[in-house]
Amino acid sequence: MIVPILKIGKNLIISIQIPLTDQQARQFQREVLEEVARTEAFGIIIDITAMDVVDSYMARILSETAIDVQLMGARAVIVGIRPEVAVTLVQMGRGLGDVATALNLEQGLAKLEKMDARKGAGHGS
Amino acid sequence: MEARKMAILREEDVILARQLVRKMAADMTFNLVDQTRLATAVSELTRNAVEYARSGDIRMEPVKNRLRREGLKIVVSDNGPGIADIEQAMTMGFTTSNGLGAGLPGTRQLVDEFDIRSTSGSGTTVTIVMWKR
Amino acid sequence: MAKKRKSTEEELRELHRYTRSLIEASPDMMVTFDRDSLIMDVNQETVDMTGVSREKLIGSPFKQYFTDPETAHQAAMLVFEQEKVKDLELELELIDHKGDHIPVALNASVYRDAAGKVVGAFAIIRDISKRKKAIEEVQRQQGEILELSTPALRVWEGVVLVPLIGTIDTRRAQQVMENLLERIVSTESEVAILDIAGVPTMDTKVAQHLVITAQAAAMLGAKTIITGVSPSSAQTMTKLGLDLSRLTCKGSLSAGIREALDMLSLKVVESNGE
Ligand SMILES: Nc1ncnc2c1ncn2[C@@H]1O[C@H](COP(=O)(O)OP(=O)(O)O)[C@@H](O)[C@H]1O
Ligand SMILES: [Mg+2]
């Protein structure tokens with residue numbers, strides 16, 4: 001697996017520790033979805049604390065992955081976005097779409113519980 | 001500080017290029033947000049070189065303007081197919097590769113100066129400059 | 001006749017001596033140079049500052065006495081281009097006789113012969129190291145005040161507050177934005193309150209920064225509440241046509257704090273006295 005995926009309780013915790021090439025990013029997306037299907041996870045957390053650059057391609061992979069997970073009936077939250085990364089993405093005119101985000105793992109897990117899986121993230125809450 | 005140059009031949013080079021530009025920007029004491037803006041811009045431009053022209057190169061050079069303000073100038077160029085309609089390519093959402101079409105317009109938002117030159121059939125050169133705040 | 005003529009010549013010589021003595025006595029450096037920016041004449045101050053003799057100065061390139069010869073050359077050429085330059089924005093530094101770098105300001109204009117043909121440029125070069133130091137000191141203090149005037153306070157667990165007071169320019173807006181986002185992360189706050197009651201006017205650029213801040217905060221996983229929006233600020237913000245739907249605005253700071261606690265599902269229980 002390109003990025004280690006941990007199953008903790010009913011959730012998957014995925015922490016991207018190294019920068020990914022586009023090809024690796026696509027592999028990451030595939031593997032996460034396969035793992036959600038295989039484990040029938042309740043929700044996933046993607047932790048990007050270690051990512052110091054998220055460009056439009058990576059942003060797309062992240063939001064697509066979250067949306068796909070929701071289509072599969074699970075919940076997804078992205079956590080650990082760095083302030084400078086958030087500013088850069090907003091300024092580029094492309095955010096992460098309607099994907100739910102949280103500051104850290106703990107808040108992310110709390111958010112998973114509150115989310116309605118079918119409707120997805122709603123308004124970023 | 002000296003100018004640096006590197007060839008962009010593979011997807012891995014996109015990562016190396018943005019790491020190199022971040023290091024250079026950090027050495028020039030650009031603030032963290034600007035370092036990130038530059039690294040992200042370089043990521044977009046070098047990806048385009050690999051994706052649409054198979055290869056290209058990047059040159060990074062500290063510059064000074066007439067007011068002696070320090071800046072970092074970056075030139076990404078390739079000998080690929082070029083862009084027939086630049087205005088179209090600069091439009092948010094326009095893509096020929098089923099991408100997001102956010103790379104070029106997004107990059108322009110991130111930097112102080114942005115210049116794109118391209119001739120159909122003979123390549124593309126994008127020049128960006130960020131001035132220190 | 002002959003006698004009178006001689007006295008005119010003497011008068012002229014006297015006048016020349018007089019003007020020359022003024023030039024020599026000037027506390028500013030004075031230099032003339034030609035189109036190739038070779039020095040034609042200098043005053044005593046130039047000799048004293050550079051530590052180079054008059055003989056050596058005359059005929060040498062103007063640019064060679066500066067830390068950045070290229071910019072100095074550019075400056076010299078600009079004089080001929082524009083015929084007159086005042087407080088040229090190019091930053092020039094002279095190398096003095098001790099090898100120290102002296103920031104200088106350049107005022108110069110071309111001068112002409114009797115036929116009106118430009119024969120050279122006359123430049124007054126002023127040592128501005130004191131002025132520059134003063135400006136730098138003011139800027140440093142402004143920077144400090146800036147930081148002091150944009151604190152990010154943690155008002156409650158999970159709530160961070162940035163009160164904005166005074167005029168916000170783009171530089172400050174940027175600083176506020178970075179500060180706030182930093183603080184959201186470091187305090188793990190889920191709600192950020194931006195109180196703009198103390199801001200007299202807001203321009204479009206600043207409003208745009210505020211919206212970007214709120215969007216970036218949302219991306220981090222925090223909500224932003226803007227409080228104290230004045231009528232004119234409200235107009236600026238709507239005129240922008242940006243997506244304000246995710247911005248929560250409250251009239252007063254206390255209403256904002258109440259809203260923040262609400263968001264965190266903490267209710268403010270009103271005490272009996274109120
Ligand atoms: N270096 C390049 N050479 C040729 N075409 C390019 C190059 N860079 C960009 N383009 C064209 O411009 C379009 C927009 O690029 P961009 O904004 O980066 O979005 P995306 O890469 O997502 O399509 C691309 O789809 C491509 O057609
Ligand atoms: Mg692209």
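First the proteins, then the strands, lettered A, B, ... as listed; each starts at 1.
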Side chain, backbone, both or neither: which part of Arg10(B) has a heavy atom under 4.5 Å from chain A?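 Nothing of Arg10(B), per the 4.5 Å heavy-atom cut-off to chain A.
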Engaged part of Arg37(B) at the chain A interface, taking heavy atoms whose separation is under 4.5 Å: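 Both parts, backbone and side chain.
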Greater than 12 external heavy atoms within 6.0 Å of [X]'s [atom1]:
X         : atom1 : result
Arg26(A)  : CZ    : yes
Lys73(B)  : NZ    : no
Glu113(A) : CD    : yes
Lys23(B)  : NZ    : no
Glu12(B)  : CD    : yes

Partner chain B: residue of Ser56(A), Ala59(A), Gly93(A) with the largest heavy-atom pair count (under 4.5 Å):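 Highest number of pairs under 4.5 Å: Ser56(A).
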Find the one option among Val54(A), Thr21(A), Val87(A), Val85(A) whose heavy-atom pairs under 4.5 Å with chain B are most numerous.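 Among Val54(A), Thr21(A), Val87(A), Val85(A), the one with the most close pairs to chain B is Thr21(A).
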For chain A, which residues from residues 76-97 of chain B lie under 4.5 Å away (heavy-atom distances)?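 Contacts with chain A: Met92(B).
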When only heavy atoms count and the cut-off is under 4.5 Å, which of residues 107-129 of chain B reach chain A?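 Those residues of residues 107-129 of chain B which have a heavy atom under 4.5 Å from chain A are Thr107(B), Gln109(B), Leu110(B).
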Taking C-beta and beyond as the side chain, do Val53(A) and Gln19(B) meet within less than 4.5 Å on heavy atoms?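 A side-chain contact is absent here, since even the closest heavy-atom pair is not under 4.5 Å.
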Mind checking whether Pro19(A) and Arg18(B) have side chains closer than 4.5 Å, heavy atoms only?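 Of all side-chain heavy-atom pairs linking Arg18(B) with Pro19(A), at least one is under 4.5 Å.
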Do you know which of Ile15(B), Val33(B), Asn31(B) has the most heavy-atom pairs with chain A at a distance under 4.5 angstrom?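 Most pairs with chain A among the choices: Ile15(B).
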Quick check on Leu20(A) against chain B: is it the side chain, the backbone, both or neither that has a heavy atom closer than 4.5 Å?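 When you check distances to chain B, only backbone atoms of Leu20(A) fall under 4.5 Å.
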If you look at every heavy atom in Gly103(B) and Met92(A), which pair is closest and at what distance?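 Smallest interatomic distance, heavy atoms only, reads O-CE, 4.5 Å.
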What closest approach, in Å, do Glu44(B) and Tyr57(A) show between heavy atoms, and which atom pair accounts for it?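 Taking every non-hydrogen atom into account, OE2-N, 4.3 Å.
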